[in-house]
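A quick note: this is a predicted structure, and the numbers were derived from the prediction, not measured. Chain letters run A, B, ... following the sequence lines, proteins first, then strands; residues in each count from 1.
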Number of protein chains: 2
Amino acid sequence: MISKQQHELSGALSTDCMALLEPLLSIRYYADGELIFARGEYKAGLCIVLEGSVKVGNYGKDGRYFLSKVLKPYESFGEFTIFSKLPRTHTAEAYGESKVGYIGPSKLKKAIIKQPEIALQLLQSLSTRLHMSLEVMDDIKRLPVIVRIAKVLFELNREAGGLESHSLSQEEIASQLGVSRMVVSSSLKELSELGLIEKGYRAIRIPDTHRLLSWIKERQQIKDLL
Amino acid sequence: MISKQQHELSGALSTDCMALLEPLLSIRYYADGELIFARGEYKAGLCIVLEGSVKVGNYGKDGRYFLSKVLKPYESFGEFTIFSKLPRTHTAEAYGESKVGYIGPSKLKKAIIKQPEIALQLLQSLSTRLHMSLEVMDDIKRLPVIVRIAKVLFELNREAGGLESHSLSQEEIASQLGVSRMVVSSSLKELSELGLIEKGYRAIRIPDTHRLLSWIKERQQIKDLL
DNA sequence: GTATAAATGTAAACATATTTACATTTATAC
DNA sequence: GTATAAATGTAAATATGTTTACATTTATAC
C-alpha cells in the first residue's frame, strides 16, 4: 500500500479521489507495448492508470526515444486535453499488461462542478507534477549527468518504497535523462566505485539510501527543498 | 488587450476568472527588484501578477542565476504551496514596479468549493504550464542551443503580440536557457547572418516571423503540435 | 549445453558548450 | 563631451558528452 505522503510526492491521485472518480471511468485493458495515445492526437480525455504501468515518452523523427515517466497505479495523464484544448504531448504505451481508466471532458467537468473536491485533488496532482518538472529543469541546467543519474536512482528507490534492488537497464536510464548510454555506463561505474550503488545485469542495488542522499546533497547547486 | 487564445497559450488566467478572484485578493505593490518570495519559503498563497512583471528564477549557491519565466499580468504562481504542501521552488522578484494580488489557502479553497469555475480555470492554467514545461524538456534533450534560442525568440514575439523589436540582453537569454552568454552571442550571430533576426544593443528584431518559424520547424526533431 | 539476443564495458575521434580572458561597442550619468 | 558602466564580440584552452565501433558479459530460448 502506498502512503499518503507518497501520493503527494508522485502526483498520484489519492484513494479518496479515486473513490469519487472510479464509478465514472470507462475501463480498458492493454497488452504490453500497446499504444494508448500518440503524440499529436486531439481526442480529449483523462486517463488514470489502474493496474500495471504506462510508459510515457516520445519518439523523434530519427527514431530516438526519450522516456518522460513510467506511470504507476493512480497516476493520471492527459489533463491538458480537457482543461486546455491541447493535443497529447506524449505517446503513452502500456508497459506490461495494464488496466487504464478513461473519462471524457464533459463528464469530468460535470463531476467537478458537482463535487469540487475532485478539482482540489486534480489541482494537487497537477501542481505537484509542475513542481517536479521545474525542479528537474533546474537540475538539467546546473548538475552534471552523474549527479542527475544518482538522483534518478534515489527517486526510483523512494517511489518503490525503499526496495534495495531495482530492475532497469542502463538504456532506460539514458532515455529518461536524454543522454547517451555510454555516459550512463561510465557514471554508474564511478558511483559503484564510490560504493554508492552496486551494478548488476539489468539491475541496480542501493546498499545505503542515506549515504546516497548525502552524496547528492553535497553536490546540490541550489537550496534543498523538503 | 490580450486575446483569449493567448491566455490559453501562456497559462494566464482569463478575464472571467479574474473577475471572480479579484475581490478576494490582497493587493501589494513592489518596487523594481524587490523580493516577493524566496525559494524554500513555506508561506502558502497564490500570487497573481496584476500590473508590471515578476521575474521567477533561482540563484545557485555559487551565485549563478537561472531565469524560469517573466510573468506578465494575469499570470499566477505559487499554486503548489496551496494544493500540495510544497515550499516555493523559485525566487520571485518584481521586474520593474509591479502590483501583485495574493490569496491564502483557505480563502482560495473555499472560493473553489463555492465556485468550481475557478477550479476549471486554475486547472487550465496549470495543465497548460505543465504542457509547456514538458515540451521544453523535450527540446532540451533533442535540440541544439541555436534552435532553442530561436524558439525562445519566437515565443517572445508571440507573447508580445507580434511586436517586431524586443528589449532584452543576451545575458537574459542565456539565463533563461541555462547556457553561457558566449554561446548565445555566437548563435545570435549565426541567426543574424541567416537573416532571421537583427541584433542591436539589448535588442532583437524579428523582421519576418513566418520565416523564423519555418526555419525552426525544419529543425524540429519531433512531430509538431498546434 | 549451445546458439542467439540483450545488455554492458570501453576507448578513440568528434562535437558542443564552458571557462577564462580581454577587446570593443554602446548607453548613461555627470 | 567625458568618464564610467553595461553589454557585446571573440578566441584559445578546457570540459563534458556524443558517436562510432567493437569486445565482453549475461540471460534466454531451443
Side-chain angles (χ1 to χ4, degrees), chain A residues 32-33 60 62-67 95-96 137-153 165-194 197-205 219 221, chain B residues 32-33 55 60-67 95-96 137-153 165-194 197-205 219 221:
Chain A
D32 181 33
D62 56 359
R64 290 217 306 171
Y65 177 75
F66 290 123
L67 175 68
Y95 193 43
M137 205 92 89
D138 218 305
D139 286 347
I140 291 173
K141 291 173 185 170
R142 296 182 197 267
L143 299 179
V145 171
I146 188 170
V147 182
R148 289 170 55 210
I149 289 175
K151 287 188 88 166
V152 164
L153 296 178
S165 190
H166 303 279
S167 164
L168 84 169
S169 70
Q170 300 184 359
E171 185 71 54
E172 287 171 321
I173 299 174
S175 80
Q176 189 171 346
L177 290 164
V179 297
S180 69
R181 180 187 63 77
M182 288 61 108
V183 78
V184 172
S185 177
S186 65
S187 297
L188 289 181
K189 187 186 174 192
E190 212 174 320
L191 290 173
S192 147
E193 281 164 357
L194 288 166
I197 65 165
E198 284 164 24
K199 287 180 301 177
Y201 187 84
R202 278 194 69 89
I204 306 281
R205 217 177 72 81
R219 276 147 194 87
Q221 295 286 333
Chain B
D32 180 34
K55 214 170 64 169
K61 288 175 179 165
D62 56 358
R64 290 218 306 171
Y65 178 76
F66 290 123
L67 176 69
Y95 193 43
M137 205 93 89
D138 217 306
D139 285 348
I140 291 174
K141 291 172 185 169
R142 296 181 198 267
L143 299 179
V145 171
I146 188 170
V147 182
R148 290 170 54 211
I149 290 175
K151 288 189 87 166
V152 164
L153 296 177
S165 189
H166 303 279
S167 164
L168 85 168
S169 70
Q170 300 185 0
E171 184 71 54
E172 287 171 319
I173 298 174
S175 80
Q176 189 171 346
L177 289 164
V179 298
S180 69
R181 180 187 62 78
M182 288 61 109
V183 78
V184 172
S185 177
S186 65
S187 296
L188 290 180
K189 187 185 173 191
E190 211 174 320
L191 290 173
S192 149
E193 282 166 357
L194 289 166
I197 65 166
E198 284 164 25
K199 285 181 302 178
Y201 185 83
R202 278 194 69 89
I204 306 281
R205 217 175 74 81
R219 276 149 194 86
Q221 294 287 331

Symbol by symbol from the 5' end, with Watson-Crick or G-U pairs under 3.5 Å, [ ] crossing and | another strand, DNA chain D is ||||||||||||||||||||||||||||||

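The phosphate of D:dA7 (OP1 or OP2) has no side-chain N or O of B:K199 nearer than 4.0 angstrom. Contact annotation: A:S185 side-chain N/O to C:dG9 OP1/OP2 distance is under 4.0 Å. Distances shown here put every side-chain N or O of A:Q170 at or beyond 4.0 Å from the OP1 or OP2 atom of C:dA6.
Nearest heavy atom pair, residue A:D139 against residue A:K151, reads OD2-NZ, 2.9 Å. Minimum heavy-atom separation, B:Y95 to B:D32: C-OD1, 3.7 Å. Heavy atoms only, all atoms of each residue included: A:R219 and A:L143 are closest at O-CD2, 3.4 Å.
The interatomic distance linking A:R142 (CZ) with C:dT18 (P) rounds to 14 Å, in whole Å. Whole-Å rounding puts the A:K189 NZ to C:dT8 C1' distance at 12 Å. Computed from coordinates, the A:I173 CD1 to C:dT8 P distance equals 8 Å when rounded to whole Å. Taking atom CD on B:E171 and atom C1' on D:dG9, their separation rounds to 14 Å, with Å as the unit. Note: CD1 (A:I149) to P (C:dT8) measures 12 Å, nearest angstrom. What separates CG of A:L188 from P of C:dG9 is a distance of 7 Å, to the nearest Å. Atom C1' of nucleotide C:dT10 and atom CD of A:E190 are separated by 15 Å, given to the nearest angstrom. For the pair B:L177 CG and C:dA17 C1', the computed distance is 13 Å after rounding to whole Å.
A heavy-atom distance below 4.5 Å is not found between the side chains of B:V147 and B:Q221. Looking only at side-chain heavy atoms (C-beta outward), B:I140 and A:K141 stay at 4.5 Å or farther from each other.
With rounding to the nearest 0.5 Å, the separation of CG in A:L191 from CD in A:E193 is 9.5 Å.
Partners of A:Y201 under the side chain to side chain contact (heavy atoms under 4.5 Å, CB included) rule, at least two apart in sequence or in another chain, do not exist in this structure. Taking the side chain to side chain contact (heavy atoms under 4.5 Å, CB included) definition, one finds that B:S165 meets it with B:R205, sequence neighbours left out.
With hydrogens and angles disregarded, a donor-acceptor distance shorter than 3.5 Å links the side chain of A:R142 to the backbone of B:R64.
The environment of A:K199 atom NZ is dense: over 12 non-hydrogen atoms of other residues, nucleotides or ligands sit within 6.0 angstrom.
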Please set out all donor-acceptor pairs under 3.5 angstrom arising from side-chain atoms of residues 177-188 of chain B, sequence neighbours excluded.
unit_1	atom_1	unit_2	atom_2	d
B:S180	OG	B:V183	N	3.4
B:S186	OG	B:V183	O	3.2
B:S187	OG	B:V183	O	2.8

Restricting to nitrogen or oxygen on both sides, can you table the protein-nucleotides 25-30 of chain D pairs closer than 3.5 Å?
none

Give every pair of a protein N or O atom and an N or O atom of nucleotides 17-21 of chain D that lie under 3.5 Å apart, one pair per line with the distance.
unit_1	atom_1	unit_2	atom_2	d
D:dG17	OP1	A:V145	N	3.0
D:dT18	OP1	A:S180	N	3.1
D:dT18	OP2	A:S180	N	3.1
D:dT18	OP2	A:S180	OG	2.6

Let me see the working for B:E172 and B:Q176 under side-chain contact (heavy atoms from CB on, under 4.5 Å), right down to the final yes or no. CA-CA 6 Å; B:E172 287 171 319; B:Q176 189 171 346; over 6 Å; no

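Counting non-hydrogen atoms under 4.0 angstrom, A:S169 reaches the backbone sugars and phosphates but no base.
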